[in-house]
Amino acid sequence: MNSIKIAVLGLGNVGRGVWEILHRHRNMIKEYIGVPIEIKKVLVRDVQKKRDIDVPPHMLTTNFDDILLDEDIQIIVELIGGLHPAYEYMRKAIEMGKHVVTANKAVIASYGRELIQLANERNVLLRFEGSVGGGIPIIAALTRSLAANEIETVVGIINGTTNYILTQMTRYGMDFKTALKLAQEKGYAEADPTSDVEGEDAAFKLSILAFIAFGVQVPPQDIPREGITRISEKEIQYAAQLGYTIKLLAAAKKHDGKLDLHVHPALVPNTHPLAAVNDEFNALFIKGDAVGELMMYGKGAGSLPTGSAVVGDIMDVASAMMSGRTVPYTYRNAREKLHINGEGEGEYYIRLEVVDRPGVLGKISTVLGNYGVSIASVVQRGRGERVVPLVLITHKVDRKRLNLALEEIKKFDVVEEVASILRVESHSS
């Protein structure tokens, strides 16, 4: 074999990163694998479009069949994103006996198990390191380095856009709209940022992590999620005064035969390592029964970090091809039947806007107690105003019970508003 020929589907942000890395490090890659990796075809929407990388015109095509039916092409690298036609392209490639590398979180979250099984049947490889955490090698860690562990917890910041926005709000007192606009100007947020700021992107990635870490497949649309659009400067300030930083967390925690899965803004204690993860960086906090606690940290998005993960997968596949050992992908099967539990129990931060008069706290505390909600701390802000903020932090409680209590509290004439409910993350929760 004189070279390994690949095709790249899509020349967007990540596609350009892959192109750059493969060309910049072609000699190093050749030394590592034994033969060069050559891009033979690139699928694009418009071959006439001007691009900031110099791609020879004969390599460009708008017809996927030009790639699928080319017997020289052994690896197809899918980087067009979205569910369709990306899923169909990957499935057809696997059926034709071609290896597939992708960074597509939507397809892997929705069809990952199906595509892995098909790839194993056809004796080809499917790799998707770039689908979660950008350049952080979280999939490799969970499937190989931590394979001897029962994973108990995976909690992390896995969306760089929201982390950048929250960092600007925390550091500089920006409101959400101003921070979002800055993120868009710097290229960290899309023109339509809905998937990021509403938590959908993180839910896709958490679905993949649940499959890899716990062997369960949960459709991303079934994962409870809340984005950051309701986080105000007030919440940022109150959290700071209480010793917390607000982050958008994706959490998967196994306990007592249950798996809690959710995406939520949370108050993270300033002593927790996740509190120090800022700007567009991502981090995964993992707990295994043998390894204990560890954290992986790095850039979670961008052409070169994600491109690095994709090229690493290409090299992994190429090395397997050269050795003649395309070992089937092995994933965890749940060793016990896990009940998918949504939010489950947790500690909560609650901000109420209440009329400043004697007996209000007692009245609220009585209702919370009736529903089994125990208060860990109380802070009342403001004096001399008719309505003041009352901030409560609870001990662990089931969210459903908390919601029932708050529905009753909302009816009090002294309660103007339940202004905010946020999770509180800690080492013990």
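By convention here, the first residue in the shown sequence is residue 1.
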*Asks:* Go through the steps for Lys410 and Glu417 under the test salt bridge (Lys or Arg N to Asp or Glu O under 4.0 Å), then give the verdict.
*Replies:* CA-CA 7 Å; Lys410 281 180 187 177; Glu417 180 187 13; over 6 Å; no
*Asks:* Tyr348 pairs by side chain to side chain contact (heavy atoms under 4.5 Å, CB included) with which of Leu422, Val424, Leu267, Leu402?
*Replies:* Leu402
*Asks:* Is it the case that over 12 heavy atoms from other parts of the model lie below 6.0 angstrom from the CD atom of Glu185?
*Replies:* yes
*Asks:* Asp192: which residues meet the side-chain hydrogen bond (donor to acceptor under 3.5 Å, both in side chains) condition with it, sequence neighbours left out?
*Replies:* Thr194
*Asks:* Distance-only criterion, 3.5 Å: show the donor-acceptor pairs between side-chain atoms of residues 366-373 and protein atoms not counting sequence neighbours.
*Replies:*
from	atom 1	to	atom 2	distance (Å)
Thr366	OG1	Gly362	O	2.9
Asn370	ND2	Thr366	O	3.4
Tyr371	OH	Glu408	OE1	2.9

*Asks:* Does a side-chain heavy-atom distance below 4.5 Å link Lys247 with Leu274?
*Replies:* no
*Asks:* Residues in side-chain hydrogen bond (donor to acceptor under 3.5 Å, both in side chains) with His99, at least two apart?
*Replies:* none
*Asks:* Output all residues satisfying side-chain hydrogen bond (donor to acceptor under 3.5 Å, both in side chains) with Glu129, sequence neighbours left out; order by chain, then residue number.
*Replies:* none
*Asks:* Which residue in the set Glu345, Glu347, Glu343 passes salt bridge (Lys or Arg N to Asp or Glu O under 4.0 Å) when paired with Arg423?
*Replies:* Glu343
*Asks:* Among all residues two or more places apart in sequence or in another chain, which pass the side chain to side chain contact (heavy atoms under 4.5 Å, CB included) test with Leu304?
*Replies:* Glu20, Ile21, Arg24
*Asks:* Can you name the residues that form a salt bridge (Lys or Arg N to Asp or Glu O under 4.0 Å) with Glu88, not counting sequence neighbours?
*Replies:* none
*Asks:* Kindly indicate whether the side chain of Ile340, heavy atoms from C-beta on, has any atom under 4.5 Å from the side chain of Val216.
*Replies:* yes
*Asks:* To check you understand the geometry: which heavy-atom pair defines the closest contact between Val277 and Pro273, and what is its length?
*Replies:* CG2-O, 3.8 Å
*Asks:* Suppose the criterion is ring-ring contact (aromatic ring centres under 6.0 Å, His included): which pairs have a residue in residues 140-179, not counting sequence neighbours?
*Replies:* Tyr164-Tyr188
*Asks:* Flag the pair Leu118 / Glu95 as yes when at least one side-chain heavy-atom distance between them is below 4.5 Å, and no otherwise.
*Replies:* yes
*Asks:* Determine whether the side chains of Ser195 and Asp201 contain a donor N or O and an acceptor N or O closer than 3.5 Å.
*Replies:* no
*Asks:* Scan residues 286-315 for pairs that pass ring-ring contact (aromatic ring centres under 6.0 Å, His included), counting only residues two or more places apart or in two chains.
*Replies:* Phe281-Tyr297
*Asks:* Does a side-chain heavy-atom distance below 4.5 Å link Pro193 with Gln184?
*Replies:* yes
*Asks:* Taking all atoms of both residues into account, what is the closest heavy-atom pair of Asn104 and Ala86, and its distance?
*Replies:* ND2-CB, 3.4 Å
*Asks:* Between Asp175 and Thr178, is there a side-chain donor-acceptor contact under 3.5 Å, judged purely by atom types and distance?
*Replies:* yes
*Asks:* Under 4.5 Å between any side-chain heavy atoms of Gln380 and Asp356, yes or no?
*Replies:* yes
*Asks:* Do you know which of Leu142, Leu206, Ile138 makes side chain to side chain contact (heavy atoms under 4.5 Å, CB included) with Val132?
*Replies:* Ile138
*Asks:* Work out which heavy atom in Ala203 is nearest to a heavy atom in Ile223; give both atom names and the distance.
*Replies:* O-CD1, 3.6 Å
*Asks:* If a pair satisfies side chain to side chain donor-acceptor pair (under 3.5 Å) and one of its residues is in residues 232-241, list it, with sequence neighbours excluded.
*Replies:* Ser232-Glu235, Glu235-Tyr349, Glu235-Arg351, Gln241-Arg381
*Asks:* Please list, chain by chain and in numerical order, all residues satisfying side chain to side chain contact (heavy atoms under 4.5 Å, CB included) with Ala109, sequence neighbours excluded.
*Replies:* Phe204, Ser207, Ile208, Pro220
*Asks:* Taking all atoms of both residues into account, what is the closest heavy-atom pair of Gly300 and Thr306, and its distance?
*Replies:* O-OG1, 4.5 Å
*Asks:* Please lay out, stage by stage, how Glu425 and Lys253 fare under the test salt bridge (Lys or Arg N to Asp or Glu O under 4.0 Å).
*Replies:* CA-CA 12 Å; Glu425 183 66 31; Lys253 300 180 181 182; 2.9 Å; yes
*Asks:* Go through the steps for Ile67 and Ile76 under the test side chain to side chain contact (heavy atoms under 4.5 Å, CB included), then give the verdict.
*Replies:* CA-CA 8 Å; Ile67 292 167; Ile76 291 181; 3.7 Å; yes
*Asks:* Show your working on salt bridge (Lys or Arg N to Asp or Glu O under 4.0 Å) between Lys186 and Asp279 and close with a plain yes or no.
*Replies:* CA-CA 11 Å; Lys186 289 188 171 290; Asp279 295 318; over 6 Å; no
*Asks:* Considering only residues two or more places apart or on different chains, which pairs with a residue in residues 107-132 satisfy ring-ring contact (aromatic ring centres under 6.0 Å, His included)?
*Replies:* Tyr87-Tyr111, Phe128-Tyr329
*Asks:* So, do Val154 and Ile212 sit near enough that their side-chain heavy atoms are less than 4.5 Å apart?
*Replies:* no
*Asks:* Applying side-chain hydrogen bond (donor to acceptor under 3.5 Å, both in side chains), name anything that partners Asn13, two or more places apart in sequence or on another chain.
*Replies:* none
*Asks:* Do Ile364 and Val414 come within less than 4.5 Å of each other through their side chains, counting heavy atoms only?
*Replies:* no
*Asks:* Ignoring hydrogens, what is the shortest heavy-atom contact between Thr162 and Leu248? Give both atom names and the distance.
*Replies:* OG1-CD2, 3.6 Å
*Asks:* Any donor and acceptor pair, going by atom type alone, linking the side chain of Gln217 with main-chain N or O of Pro219 inside 3.5 Å?
*Replies:* no
*Asks:* Counting heavy atoms not belonging to Asp289, are there more than 12 under 6.0 Å from its CG?
*Replies:* yes
*Asks:* Considering all heavy atoms of both residues, which atom of Pro265 and which atom of Ile246 are nearest to each other, and what is their separation?
*Replies:* CB-CG2, 4.5 Å
*Asks:* Does any donor atom in the side chain of Lys254 or Asn341 lie under 3.5 Å from an acceptor atom in the other side chain?
*Replies:* no
*Asks:* Tell me, do Ile375 and Ile393 make a side-chain contact under 4.5 Å, heavy atoms counted?
*Replies:* no
